[in-house]
**Student:** 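Right, I'll just put the structure down here and ask away after.
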Amino acid sequence: MDRSSAIFCVGSLAACLAISAVAFPYAALDRDVVEQARVPQPAETMALVNVGEGFGELPVEELMFYYVETPPAPIAVGAPAAPEIKFGGC
């Protein structure tokens, strides 16, 4: 590798590190948000969740009760695998 390529590689790495160091405080979560995320929250205090497709916004507690009452069906033996759903792209 010639000298100009090495200078370019080192300069690119230095520029990326500098941009990361400058942008990190703007992308990082606040300390109080991180502390709140570490403590489990009761379902009654959580905000409504928009489930879309005509159902609108539902409380988390109602979604939990529905999941407990109607769990997902087990996969039958010999059944074909579920198709993989990919978002975006071609």
**Student:** Do Val60 and Tyr66 belong to the same hydrophobic cluster, where Ile, Leu, Val, Met, Phe, Trp and Tyr are linked whenever their side-chain heavy atoms lie under 4.5 Å apart, directly or via other members?
**Tutor:** no

**Student:** Just to verify, what does Arg31 make a side-chain hydrogen bond (donor to acceptor under 3.5 Å, both in side chains) with, not counting sequence neighbours?
**Tutor:** none

**Student:** Rounded to the nearest 0.5 Å, what separation is found between the CD atom of Glu62 and the CG atom of Leu48?
**Tutor:** 10.0 Å

**Student:** How long is the straight-line distance from CD of Glu61 back to OG1 of Thr45, given to the nearest 0.5 Å?
**Tutor:** 10.0 Å

**Student:** Between CZ of Phe65 and OG1 of Thr70, what distance do you get to the nearest 0.5 Å?
**Tutor:** 13.0 Å

**Student:** Side-chain heavy atoms under 4.5 angstrom apart, residues restricted to Ile, Leu, Val, Met, Phe, Trp, Tyr: same cluster for Phe55 and Met46?
**Tutor:** yes

**Student:** Decide whether Phe24 and Leu29 are clustered together by the hydrophobic rule: side chain heavy atoms of Ile, Leu, Val, Met, Phe, Trp, Tyr closer than 4.5 Å, transitively.
**Tutor:** no

**Student:** Under the side-chain contact (heavy atoms from CB on, under 4.5 Å) test, which residues partner Asp2, sequence neighbours left out?
**Tutor:** Ser4, Ser5

